[in-house]
Amino acid sequence: MPMDFQILDADYEVINDSSPVIRLFGRGADGKSVCCFVPDFEPYFYLKASGDLNTVARLVEETFTQVKKVEIVEKFEPIGYQKTKTKMLRVTTHLPREVPEIRDEILKLQEVLKAEGKWEVYETDILFRNRFLIDKDLGGMVWVSAEGGSVDPAKYIRTNGSGNSRCEKFTCDTSILASGFNKVENLTLAPLKYLAFDIECLPLDGGMPSPEVSPIIMISFSFEPEYKGHKTLVLLAKPVEGLNSDVWSYTDETEMLNQFFEIFCDYDPDIVIGYNHQDFDIPYITDRVKTLVSEGKAINPVVGRDGSKIGYRKFGLITRTEMKGRVVVDALPLVRRAFSLKQYTLRAVSKELLSREKLDVPPLEMEEYWLDKGEKFKKFVDYSRRDAELALELILNLRLLDKYVALAQVSGSLLQEVVDGGQTSMVETLLLKEFGLRDRVLLPKPDDGVSAERYAMSSDLKGGEVLEPKKGLLENVLILDYKSLYPTIMMAHNLCYTTVVTGDRSDGVTIRPPSGGEFVPSEVYKGIVPSILEDLLNKRTKTKKRMRGASNENEYRVLDATQLALKILLNSFYGYSGYARARLYSLTLANAVTSFGRSNILNTREIINSTIGKIILRNKTALLLDEAGKLSPPDRVVELSVAYGDTDSVFVHCKSSGDLSLEEVSLIGNRLANIVSVSLPDPMELEFESIAKRALLIAKKRYALWFFEPKNSGWEDKIKVKGMETVRRDWCELTSITLNRVLELVLIEGDVDQAVEYVRQIVSKVRNLDPAKDSEIVESLVLTRTLTRKIESYKNKQPHLTVAENLKKRTGVVPSIGTRIPFVITAGKGLFVDRAEDPDYVRENNISIDVDYYIKKQILPPVERILEVFGVKMSSLDFDSKQKGLFDFEAKKPEVKKQEKPSSEKESKVKVQEQNLCEKNGHASQSSLFDF
DNA sequence: TCTACCACCTAC
DNA sequence: TAAGGTAGGTGGTAGA
């Protein structure tokens with residue numbers, strides 16, 4: 001009977017030192033964990049040699065015992081348009097590791113043969129499991145139906161020298177030897193098992209624990225679905241009486257650790273979750289086990305489905321962990337990527353995203369809590385449990401994995417690679433597959449030297465065009481944007497590594513981008529990248545169509561994640577082409593794409609400003625002037641002009657004698673999008689996206705819109721802020737709150753007076769700040785900045801460095817790179833960087849805050865940039881003397897009438913799937929304190 | 001006082 | 001076996 005399962009992980013094992021067997025790990029539709037063994041897949045690579053290939057082939061076979069066979073094949077070379085294929089050798093080895101082993105040796109044969117030209121090897125650095133998945137058209141999270149009988153996994157476990165077989169710890173429910181398999185279309189997710197865990201250590205002095213000396217005293221689990229009736233478990237490294245049924249105690253740390261691994265394997269999770277466990281918990285457990293074993297303790301730290309042990313590897317600054325057959329998912333980087341937050345401590349993240357409080361035990365009092373026999377001990381246990389719960393909830397409640405599962409399915413990369421890595425592995429998987437199908441070989445990854453050269457060249461890559469904004473307040477602004485601009489440019493102009501003219505020339509006309517270079521048209525050779533993009537775009541269109549007919553919420557969510565994944569992949573190819581460490585790097589290609597983009601947006605502006613210029617609004621149609629014929633009285637002329645644009649968007653200001661309704665403006669929007677679109681090559685398309693009833697343009701990449709979007713037969717309105725201080729995390733919350741309110745008053749209410757009054761009150765509140773009473777305001781004065789590198793490597797002083805150094809002095813703990821460090825500016829003399837201080841420290845020590853800094857540097861400048869549009873001037877030097885007013889009112893009344901805000905539809909609560917959802921600024925009124 | 005530079009974060 | 005890209009605003013400091 002065939003076995004259906006979803007691929008979670010893949011690797012290979014060598015049996016009898018002679019042949020590799022692929023192992024596909026997965027979860028079956030029946031809920032069983034599966035290991036599927038696939039024999040008979042062989043490792044290979046390509047060699048481009050000069051001279052007589054038969055001679056070279058024989059020589060390679062004779063010289064290397066690792067070589068199983070050599071065939072002559074015809075392939076295109078990786079880059080450039082070619083009229084004909086080149087003869088190359090396909091070298092098959094016995095074992096996967098032999099491919100890189102003989103790669104360099106084989107090139108030396110060139111000297112032996114005294115052959116001319118340059119020999120090259122291709123596809124020598126493809127992981128064997130990936131080679132298998134790509135060649136067999138499988139991939140991560142894909143469903144497979146495997147034929148075959150069950151088999152003893154022991155046959156496929158390599159025994160090491162000590163004869164210590166891992167098979168007794170092989171945790172898959174089912175093992176099968178595949179005689180055949182098929183990919184299966186299936187939208188559902190297998191019934192996966194999720195486990196989150198968290199450890200507590202006892203450091204010596206409240207500082208960072210070190211695995212050589214600080215024991216692990218507690219480990220908490222959170223399960224989904226539950227384990228033997230338990231949603232959570234807490235393990236204790238000491239005997240304790242009278243515990244709840246979900247707190248299990250052991251004689252000592254060693255026994256607890258052994259039980260940790262025992263329970264772990266018994267539960268057999270597919271997804272192993274933690275919060276920062278890649279960087280902390282897993283390495284810590286690994287090293288702690290090592291320490292204990294070296295002290296003579298017996299611990300068998302198995303976590304892999306094949307019986308492999310816990311471990312980690314460090315690459316530069318990052319740590320990678322692997323658990324065979326499972327996927328290790330650290331919630332921290334996923335939350336970082338999905339949400340723009342000021343801080344990413346588990347405490348801050350849980351509060352912000354789950355509305356749940358983290359419990360806490362002060363590091364210095366841990367020992368006291370641990371030794372306590374009453375409430376404190378109970379609190380400690382609950383604190384530990386809560387951390388495991390929160391990690392699991394972040395992943396499951398926020399559905400953080402959906403996107404990655406879809407990306408794995410659509411790209412063909414394994415889920416672990418997609419979760420850990422960037423876009424590179426996904427793009428390369430797609431490229432390898434398509435290159436293979438089109439008889440083209442792919443280059444190896446560039447070495448450090450080559451990438452360094454490329455980095456140096458990269459300054460030659462020009463990007464998108466940003467149009468100078470018409471600064472100020474505008475009414476009725478249409479927002480149009482190009483649907484997937486760069487991918488559609490690549491498709492429209494057949495821009496690809498495989499179509500760029502580098503040697504061979506085609507007969508007819510070629511495509512010449514504004515940036516230079518030359519590409520053959522698709523009639524001559526259809527580019528591989530454009531083909532991949534076309535496929536992705538078609539799939540996306542189909543997926544969106546299926547979404548509309550989705551029968552339930554779950555199906556809808558899966559489809560939505562899929563279309564989002566397709567969009568991400570579509571947009572990855574351009575970036576990849578200009579990425580110095582890419583296998584395929586082409587500045588010519590990347591520059592071609594952006595240069596077409598730049599000329600396109602400039603063209604669009606020209607068409608709208610000049611070619612169209614004005615449009616006639618008549619009854620239910622928007623007409624071009626020359627179509628209009630005679631104007632009759634209710635007709636209106638609308639003047640169009642592009643007010644702003646960035647890369648793929650244009651903001652069109654619609655000026656008319658009378659009022660324009662949203663419907664009328666959208667009529668114009670659709671008409672414009674249409675006119676421009678028909679002038680473009682397929683599949684480029686300008687889309688009418690939305691309307692800004694009012695738009696406040698401050699500078700390039702900085703603006704605020706009162707934004708209306710068509711939503712199921714009505715309009716949904718909101719304020720959309722881009723680039724301004726409200727959305728920047730290096731400004732304090734008080735700035736966001738103040739600015740948001742000002743924007744609301746100015747954009748929606750059209751009431752500048754009230755905005756000024758509001759700012760005045762905020763300023764006076766800050767000036768008369770009483771830290772004891774107004775702790776909430778103090779809270780809102782906290783700034784944060786990311787520590788982007790090692791402290792020593794900064795050239796200039798920075799406020800967050802000052803704080804990092806203070807922290808190091810006081811606690812010995814150095815914040816790690818990538819951490820956002822909070823700080824406030826304290827009162828005193830001298831440079832402001834030297835007065836940055838840790839907010840907790842300020843609170844505990846009653847240090848006073850530099851209110852003047854906050855007023856002059858945090859509140860007023862951003863507010864000023866907005867209000868000066870309305871002629872409000874601030875005598876920003878005078879407000880120290882309380883006699884004078886804060887503002888010189890030249891009270892030029894804005895040309896904005898007060899307007900009722902139309903009732904908007906109820907917004908769905910949290911749309912967590914959206915990328916970069918930044919909850920923070922969504923509701924400035926969360927703090928009623930600042931509502932006057 | 002002006003300017004060049006570093007640093008950060010954002011838009012697309 | 002680390003890592004998609006460029007454009008751009010703003011603030012702070014050091015040094016002319």
Side-chain angles (χ1 to χ4, degrees), chain A residues 100 125-127 130 313-320 322 333 340 342 416-417 420-428 445 448 451 454-455 458-469 481-482 484-486 568-582 584-585 587 589-591 593-595 597-598 601 644-650 698-703 720-731 783-789 793-801 817-818 820-821 825 830-836 853 856-858 861-862 865 915-916 918:
Chain A
D125 56 354
I126 316 293
L127 289 181
N130 291 346
R313 281 173 294 179
K314 280 210 140 118
F315 304 108
L317 294 168
I318 69 153
T319 316
R320 282 282 125 92
E322 186 184 78
S340 174
K342 290 213 168 170
Q416 187 75 66
E417 288 179 303
D420 284 348
Q423 299 171 6
T424 310
S425 77
M426 297 188 285
V427 169
E428 290 183 346
K445 289 197 170 144
D448 288 355
S451 354
R454 290 179 180 177
Y455 271 117
S458 282
S459 53
D460 297 344
L461 175 51
K462 295 274 163 287
E465 179 76 27
V466 186
L467 305 179
E468 194 57 49
D481 59 19
Y482 281 92
S484 305
L485 181 68
Y486 287 174
I568 292 170
L569 286 177
L570 275 165
N571 287 315
S572 298
F573 281 82
Y574 153 70
Y576 180 84
S577 70
Y579 171 46
R581 308 195 90 102
L584 296 179
Y585 172 80
L587 274 190
L589 173 59
N591 266 322
V593 176
T594 56
S595 71
R598 288 192 299 277
I601 191 174
Y644 180 58
D646 186 346
T647 310
D648 62 353
S649 68
V650 277
I698 301 295
K700 283 180 175 178
K701 297 188 186 290
R702 288 179 180 236
Y703 58 86
K720 193 177 198 173
V721 183
K722 294 288 184 181
M724 300 191 352
E725 292 75 5
T726 47
V727 298
R728 293 186 62 93
R729 294 173 287 178
D730 49 357
W731 289 76
L783 315 173
T784 62
R785 282 185 114 180
T786 306
L787 191 68
T788 56
R789 62 194 88 163
S793 57
Y794 277 88
K795 286 186 179 168
N796 288 355
K797 291 182 179 185
Q798 294 294 334
H800 52 310
L801 283 192
I817 292 170
R820 293 192 67 89
I821 300 178
I825 304 302
L831 293 179
F832 118 106
V833 278
D834 298 324
R835 290 184 279 117
Y853 166 82
K856 280 187 184 159
K857 300 292 186 182
Q858 285 281 317
R865 280 191 278 273
Q915 254 190 313
N916 292 327
C918 177

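Numbers restart at 1 for each chain; the letters A, B, ... are given by sequence-line order, proteins then strands.
Applying the 4.0 Å criterion to OP1 and OP2 of C:dG4, one finds that A:S572 has every side-chain N and O outside that range. Contact between the side-chain N/O atoms of A:K701 and the OP1/OP2 oxygens of B:dT10 is not found at any separation under 4.0 Å. At B:dC6, one or more side-chain N or O atoms of A:K795 fall inside 4.0 Å of OP1 or OP2 (strictly under the cut-off). The shortest distance between the side-chain N/O atoms of A:H800 and the OP1/OP2 oxygens of B:dA7 is not below 4.0 Å. Between A:R785 and C:dT10 there is no side-chain polar atom (N or O) within less than 4.0 angstrom of OP1 or OP2. OP1 and OP2 of C:dT1 both lie 4.0 Å or more from every side-chain N or O belonging to A:R581. OP1 and OP2 of B:dC8 both lie 4.0 Å or more from every side-chain N or O belonging to A:T786. A sub-4.0 Å separation between OP1 or OP2 of C:dT6 and a side-chain N or O of A:Y486 is absent. An OP1 or OP2 oxygen of C:dT10 is reached within less than 4.0 angstrom by a side-chain nitrogen or oxygen of A:R865. The phosphate of C:dG12 (OP1 or OP2) has a side-chain N or O of A:K857 nearer than 4.0 angstrom. OP1 or OP2 of C:dG12 sits under 4.0 Å from a side-chain N or O of A:Y853. Taking 4.0 angstrom as the limit, A:R702 places none of its side-chain polar atoms (N or O) nearer than this to OP1 or OP2 of C:dA7. Applying the 4.0 Å criterion to OP1 and OP2 of B:dC5, one finds that A:Y794 has every side-chain N and O outside that range.
In this structure, the side chain of A:Y644 engages the main chain of A:K701 through a donor-acceptor pair within 3.5 Å. In this structure, the side chain of A:R581 does not engage the main chain of A:S451 through any donor-acceptor pair within 3.5 Å. A donor-acceptor contact shorter than 3.5 Å is absent between the side chain of A:R598 and the backbone of A:E465. Here the side chain of A:N591 pairs a donor or acceptor atom with the backbone of A:K462 at under 3.5 angstrom. Here the side chain of A:T784 pairs no donor or acceptor atom with the backbone of A:R820 at under 3.5 angstrom. A:Y794 places a side-chain N or O within 3.5 Å of a backbone atom of A:T788 that can act as its donor or acceptor partner.
When heavy atoms are screened at a 4.0 angstrom cut-off, A:V427 is found touching no nucleic acid atom at all. Among the heavy atoms of the strands lying under 4.0 Å from A:P861 are primed sugar atoms or P, OP1, OP2 only; no base atom is included. Nucleic acid contact for A:T788: sugar-phosphate only, since backbone atoms but no base atoms lie under 4.0 Å from a heavy atom of the residue. Counting non-hydrogen atoms under 4.0 angstrom, A:Y644 reaches nothing in the nucleic acid. Residue A:L831 is in sugar-phosphate contact alone, with no base atom involved, counting any heavy-atom pair closer than 4.0 Å across all strands shown. Counting non-hydrogen atoms under 4.0 angstrom, A:G463 reaches the backbone sugars and phosphates but no base. Among the atoms of the strands shown, only primed sugar atoms or phosphate atoms (P, OP1, OP2) are found under 4.0 Å from some heavy atom of A:R789. Note on A:G316: nothing from the nucleic acid sits closer than 4.0 angstrom, heavy atoms only.
A straight line from NZ of A:K700 to C1' of B:dC9 spans 18 Å, rounded to a whole angstrom. Note: CG (A:L485) to C1' (C:dT6) measures 14 Å, nearest angstrom. Rounded to whole Å, atom P of C:dG9 lies 13 Å from atom CD of A:E725. Atom pair A:L461:CG and B:dC12:P shows a separation of 19 Å (rounding to whole Å applied). Between the CD1 atom of A:I126 and the C1' atom of C:dT1 there is a distance of 13 Å, rounded to whole Å. Between the CG atom of A:L570 and the P atom of C:dG5 there is a distance of 19 Å, rounded to whole Å. Taking atom CG of A:N796 as the reference point, atom P of C:dG15 lies 10 Å away to the nearest angstrom. Per the geometry, CZ belonging to A:R820 stands 6 Å off P belonging to B:dT10, to the nearest Å.
For the pair A:Q423 and A:E468, nearest-nucleotide mapping onto DNA chain C gives the more 5' position to A:Q423.
Contact annotation: the side chain of A:R313 approaches that of A:E322 to within less than 4.5 Å [non-hydrogen atoms, C-beta and beyond]. Using a 4.5 Å heavy-atom threshold, the side chains of A:I601 and A:Y482 count as separate. With contacts defined as side-chain heavy-atom distances shorter than 4.5 Å, the pair A:M724/A:R865 does not qualify. Residues A:Q416 and A:R320 are not in side-chain contact: their nearest non-hydrogen atoms beyond the backbone lie 4.5 Å or more apart.
Taking only side-chain atoms of A:Y579, from C-beta outward, the nucleotide of C:dG9, B:dT10, C:dG5 with the closest atom is C:dG5. Closest to the side chain of A:R728, from the set C:dT1, C:dT13, B:dC8, is B:dC8. Listed candidates were B:dC12, C:dT6, C:dT13. Nearest to the side chain of A:K722 is B:dC12. With C:dT6, C:dA3, C:dG9 as the candidates, the nucleotide lying closest to the side chain of A:S458 is C:dT6.
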Base-pair string, DNA chain C, Watson-Crick plus G-U, cut-off 3.5 Å on both distances, | for inter-strand, is ....||||||||||||
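For A:R729 and B:dT10, a side-chain-to-base donor-acceptor distance below 3.5 Å is absent, hydrogens and geometry of angles not being considered.
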